[in-house]
A.B. asks: 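Quick one: structure below, then a few questions.
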There are 2 protein chains.
Amino acid sequence: MERYDIENPLLNFRKTLEQIIPLNDSEWQMISQRFNPMEVPKRTQLTKEGQIATSIYFINKGILRIFYTKEDVEITGFIFSEGLFASCYESFLLQTKSNQTLETLEDCALLAIDHSSLQTLYKEVPALHIIARVVAEQRFINGQRILSSHLLDSPEERYHQFSNQYPGLLQRVPQHIIASYLGITPVSLSRIRKRISRK
Amino acid sequence: MERYDIENPLLNFRKTLEQIIPLNDSEWQMISQRFNPMEVPKRTQLTKEGQIATSIYFINKGILRIFYTKEDVEITGFIFSEGLFASCYESFLLQTKSNQTLETLEDCALLAIDHSSLQTLYKEVPALHIIARVVAEQRFINGQRILSSHLLDSPEERYHQFSNQYPGLLQRVPQHIIASYLGITPVSLSRIRKRISRK
DNA sequence: GTAATTTCTTTACAATTGTTAATGCCTTTT
DNA sequence: AAAAGGCATTAACAATTGTAAAGAAATTAC
């Protein structure tokens, strides 16, 4: 996660893609031309609930989250960090209204591509279908692991796994956001942390 | 879900694929040659925990589930019905040991393809990358909807949604399996059903 | 058709979480 | 520097779920 050289955004991006499949210079040229670098301040909402997700964002620096709103409470569905593609994925793929908001949690350096540009790029660079397939598969695997943790583990176990797996996020993300991501209230997370600290 | 004509397994399969992208006869020939029809009795385990998933299975008839085992209790992660690809997907994609078991819940008619045949088929029919991408995306979307339901809804609401969305499964799947799929115990589901019936 | 097994329901009790509200801490604003 | 706002902690209580065990109902097996 920390292996990304923040100073060379396009280099990082190419490295990430080439972990999936090698790209020749012509392919890389077409890809890099269609992704737009952007700097976004903390707490910016890139896609809002009720809107259609225009773009997906490769993360060079920073973290983002998606959250749902239920009775004016924000419930975090996922936290994205460096090297991932952040998006309201369902909305982007289906081009339908999103039921989630995509928000930066820190100042971010991103590479953005909108939906129609991506469709064009698929035609220009067929290998991108493979990359997109693998990215979709990886996101599925990720989602399934989280879901299985909700089925198999207690909130306390889930917190344990989270802090082992993403020790960095524990520092960078407010606890009430982590709590909702784990499927519990901030109060309950605080109790769990107290319980653990007594051991 | 019930729109599949059970008597024409290959026809159903082609229809499903062509909802994603049209296939010419040569492509279809290569695809259909590599998928093997098989009939499997109820309660057969196609992939077992600890093994590597050799194949994925298109479902012409019947239902299957994946389940995890925790302290000798089986916890259902997903229920597959007609028209879907059933698999221990993570294990199949990564060719690593599965932490879940794939099991038929009824006598099933399936079309199977193993991992190496699929890799060959990707080369023979590049359009399959698109199909695989869309299948992965759909499975991700599905998984994310389930996860969001765990974050946002109570078990009772989850049961409601399940019975509205899959009224057929309510009849065909034992309740203790549905309970674990919803993330609760059979006892708790029984209480929820009683609570609902009083309304 | 009867026995055996599995599944579902019910009960009582323990444990955990949600809810609400109050307090203290920390960061940000002005 | 003071004020304001957001965040984390703690407490008390209500509600829900998990656990364990027993009995009823339904399926499966012989």
Side-chain angles (χ1 to χ4, degrees), chain A residues 41-45 63 65 67-76 79 103-107 149-163 169-199, chain B residues 41-45 62-63 65 67-76 79 101 103-107 149-163 169-199:
Chain A
K42 187 174 176 175
R43 293 283 175 177
T44 306
Q45 297 189 352
I63 50 184
R65 66 162 177 163
F67 65 82
Y68 306 88
T69 308
K70 178 150 192 172
E71 291 147 23
D72 291 326
V73 178
E74 297 176 357
I75 297 174
T76 299
I79 300 169
E103 178 191 64
T104 57
L105 292 178
E106 299 178 343
D107 296 346
S149 178
H150 278 267
L151 294 174
L152 298 172
D153 306 322
S154 69
E156 180 165 340
E157 289 172 307
R158 226 153 38 238
Y159 175 71
H160 244 113
Q161 290 169 16
F162 179 86
S163 37
L169 292 186
L170 219 57
Q171 309 304 322
R172 294 163 78 184
V173 179
Q175 263 160 41
H176 69 279
I177 288 180
I178 293 173
S180 71
Y181 173 74
L182 297 174
I184 54 177
T185 60
V187 178
S188 192
L189 179 54
S190 182
R191 279 190 289 232
I192 287 168
R193 284 162 50 82
K194 191 178 183 183
R195 219 180 311 165
I196 289 173
S197 73
R198 275 201 299 259
K199 290 174 187 169
Chain B
K42 187 175 175 171
R43 294 283 174 175
T44 307
Q45 298 189 352
I63 49 184
R65 67 162 176 162
F67 66 82
Y68 304 88
T69 307
K70 178 149 191 174
E71 291 148 23
D72 292 327
V73 177
E74 296 176 356
I75 296 175
T76 299
I79 300 169
T101 299
E103 178 192 63
T104 58
L105 292 177
E106 299 177 343
D107 296 345
S149 179
H150 278 267
L151 292 174
L152 298 171
D153 307 322
S154 69
E156 181 165 340
E157 289 172 306
R158 225 152 40 235
Y159 176 72
H160 245 111
Q161 291 169 14
F162 180 86
S163 39
L169 292 186
L170 220 56
Q171 310 304 322
R172 294 162 79 184
V173 179
Q175 263 158 42
H176 69 280
I177 288 179
I178 293 174
S180 72
Y181 173 73
L182 297 175
I184 53 178
T185 61
V187 177
S188 191
L189 179 54
S190 182
R191 280 190 287 230
I192 286 170
R193 284 162 50 82
K194 191 179 184 182
R195 221 179 312 168
I196 289 173
S197 72
R198 276 200 299 257
K199 293 177 184 170

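Protein chains get the first letters and strands the later ones, always in sequence-line order, with residue 1 at the start of each.
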A.B. asks: List the atom of A:K70, the atom of B:L152, and the distance in Å for their closest heavy-atom pair.
C.D. replies: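 That closest heavy-atom pairing would be NZ-O, 3.0 Å.
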A.B. asks: So, is B:T185 close to the D:dG18 phosphate, meaning a side-chain N or O under 4.0 Å from OP1 or OP2?
C.D. replies: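 Yes.
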A.B. asks: Return the value, rounded to whole Å, for the distance between atom CD of A:Q171 and atom P of C:dC26.
C.D. replies: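 Whole-Å distance recorded here is 16 Å.
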A.B. asks: Between B:Y181 and B:F162, does a ring-ring contact (aromatic ring centres under 6.0 Å, His included) hold up when you go through it step by step?
C.D. replies: CA-CA 10 Å; B:Y181 173 73; B:F162 180 86; 5.6 Å; yes
A.B. asks: From the list C:dT17, C:dT11, C:dC8, which nucleotide is the closest neighbour of the side chain of B:P174?
C.D. replies: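 For B:P174, the side-chain atoms sit closest to C:dC8.
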A.B. asks: With the side chain of B:H176 defined as its heavy atoms from C-beta on, choose the nearest nucleotide among C:dT7, D:dT17, C:dT17.
C.D. replies: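 Taking heavy atoms from C-beta onward, the closest nucleotide is C:dT7.
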A.B. asks: Of the nucleotides C:dT17, D:dT9, D:dT28, which has the atom closest to the B:K42 side chain?
C.D. replies: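 Of all the options, the side chain of B:K42 is nearest to D:dT28.
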A.B. asks: Take the protein atom CG of B:D153 and the nucleotide atom C1' of D:dT16, then report the distance between them rounded to whole Å.
C.D. replies: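 That distance rounds to 16 Å.
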A.B. asks: Tell me whether the OP1 or OP2 atom of C:dT9 has a side-chain N or O from B:R193 closer than 4.0 Å.
C.D. replies: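 B:R193 to C:dT9 OP1/OP2: side-chain N or O found under 4.0 Å.
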A.B. asks: Hey, does A:L189 reach any base, or is it just sugar-phosphate, or nothing, if we go heavy atoms under 4.0 Å?
C.D. replies: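 The residue A:L189 makes no contact with any strand.
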A.B. asks: In whole angstrom, what separates A:R191's CZ from D:dA11's C1'?
C.D. replies: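 Whole-Å distance recorded here is 10 Å.
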A.B. asks: Considering only side-chain heavy atoms of B:K194, which listed nucleotide, C:dT11, D:dA11, C:dG18, is closest?
C.D. replies: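 The answer is C:dT11.
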A.B. asks: From C-beta outward on A:S188, which listed nucleotide comes closest to its side chain: D:dA20, D:dC7, C:dT17?
C.D. replies: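 Per side-chain heavy atoms of A:S188, the pick is C:dT17.
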A.B. asks: How long is the line joining CG of B:L105 and P of D:dT28, in whole Å?
C.D. replies: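 These atoms are roughly 13 Å apart.
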A.B. asks: How close or far is atom P of C:dT6 from atom CG of B:D72, stated in whole angstroms?
C.D. replies: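 My rounded result for the distance is 14 Å.
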A.B. asks: Let me know the distance between CD1 of A:I75 and C1' of C:dT17, rounded to the nearest Å.
C.D. replies: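 In whole Å, C:dT17 C1' and A:I75 CD1 are 14 Å from each other.
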A.B. asks: Rounded off to whole Å, could you give me the OH-to-P distance for the B:Y159 and D:dT16 pair?
C.D. replies: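 Taking atom P of D:dT16 as the reference, OH of B:Y159 is at 18 Å.
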A.B. asks: Nearest to the side chain of A:R43, which nucleotide is it out of C:dA12, C:dG18, D:dC7?
C.D. replies: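 Nearest to the side-chain atoms of A:R43, counting from C-beta on, is D:dC7.
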A.B. asks: When the distance from CD1 of B:I184 to C1' of D:dT19 is rounded to whole Å, what number comes out?
C.D. replies: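 Between C1' of D:dT19 and CD1 of B:I184: 15 Å.
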A.B. asks: Which of the following nucleotides, D:dT19, C:dT19, C:dC8, is nearest to the side chain of B:Q175?
C.D. replies: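 It is C:dC8.
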A.B. asks: Of the listed nucleotides (D:dT17, C:dC8, D:dT9), which one gets closest to any side-chain atom of B:R195?
C.D. replies: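 Looking only at side-chain atoms, B:R195 lies closest to D:dT17.
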A.B. asks: Looking at every heavy atom in both A:D153 and A:R158, which two are closest together, and how far apart are they?
C.D. replies: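 Closest pair (atom of A:D153, atom of A:R158, distance): O-NH1, 3.0 Å.
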A.B. asks: Do the side chain of A:T104 and the main chain of A:D107 share a donor and acceptor less than 3.5 angstrom apart?
C.D. replies: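 Pair absent, no side-chain N/O of A:T104 close to backbone of A:D107.
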A.B. asks: Out of C:dT9, C:dT17, C:dC8, which nucleotide sits closest to the side chain of B:S190?
C.D. replies: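 Comparing C:dT9, C:dT17, C:dC8 against the side chain of B:S190, the answer is C:dT9.
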A.B. asks: Which one of B:T185, B:T76, B:L189, B:V73 satisfies the side chain to side chain contact (heavy atoms under 4.5 Å, CB included) criterion with B:S180?
C.D. replies: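 One option only clears the test, and that one is B:T76.
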